[in-house]
Amino acid sequence: NKKNPVFMRVLAFRKRLMLCCLKGGLMMSFFEEFFNGQIKPEAWTPDSEEYRRRLKESSSLNETLTQGLTERQVELFNLYMDNHVEMDIMMQVDIFQKAFLLGIQLQKELQILEDKHEI
């Protein structure tokens, strides 16, 4: 429905996304950009003061904590943190995959609506 505000925001986002992919008048696909290394999700981090503050605080806390530990305790702590980071990565990959599939489903539904001339 053209009057649905969520639908209109999704449609506007889709149009902006398509415009972002224009290269010299030719459409470059997401997969081409990803394959060519122009899209680097592994380098994406939040660009905010809060993120930078928390990163600095985390580093400081890690240093303070490990200073009071024995070598064996530091080793165990590092193993624990490595395990925790690996679990976070697994969760983020799973979330990304599900969100990507949801995006594809949304694209398919928008295409169906466009084909029916409802947009």
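Remember, predicted model here, so these are calculated numbers, not experimental data.
T66 and V74 get closest at one heavy-atom pair: O-CG2, 3.7 Å.
Clustering ILVMFWY residues whenever any of their side-chain heavy atoms sit less than 4.5 angstrom apart, transitively, puts I104 in the very cluster that holds F96. Two different hydrophobic clusters hold L76 and L65 under the rule that ILVMFWY side chains link at heavy-atom gaps under 4.5 Å. When the side chains of ILVMFWY residues are joined at heavy-atom separations under 4.5 Å, either directly or via intervening members, V85 and V93 end up in a single hydrophobic cluster. Using a 4.5 Å cut-off between side-chain heavy atoms of Ile, Leu, Val, Met, Phe, Trp and Tyr, with links allowed through other members, Y80 and M87 fall into different hydrophobic clusters.
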Candidate pair D82 and E86, rule side chain to side chain contact (heavy atoms under 4.5 Å, CB included), full reasoning: CA-CA 6 Å; D82 289 347; E86 289 297 323; 5.5 Å; no

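One N or O on the side chain of T64 and one on the backbone of S60 form a donor-acceptor pair closer than 3.5 Å.
In this structure the side chain of R52 reaches within 4.5 angstrom of the side chain of E49, judged on heavy atoms. Two residues are said to be in side-chain contact when any heavy atoms from C-beta on lie closer than 4.5 Å; L113 and E109 fail this criterion.
The structure places CG of L110 at 12.0 Å from CD of Q105, a figure rounded to the nearest 0.5 Å. Note that CG of L106 and CG of L101 are 12.5 Å apart. Values are rounded to the nearest 0.5 Å.
The environment of E71 atom CD is sparse: at most 12 non-hydrogen atoms of other residues, nucleotides or ligands sit within 6.0 angstrom. The number of heavy-atom neighbours closer than 6.0 Å to CG of D47, taken from other residues, nucleotides and ligands shown, is 12 or below. The number of heavy-atom neighbours closer than 6.0 Å to CD of Q67, taken from other residues, nucleotides and ligands shown, is above 12.
Each of Q92, K98, M91, M90 was scored for a side chain to side chain contact (heavy atoms under 4.5 Å, CB included) with D94, with one residue passing: K98.
Using a 3.5 Å distance cut-off with no hydrogens or angles, the side chains of D115 and Q111 do pair a donor with an acceptor.
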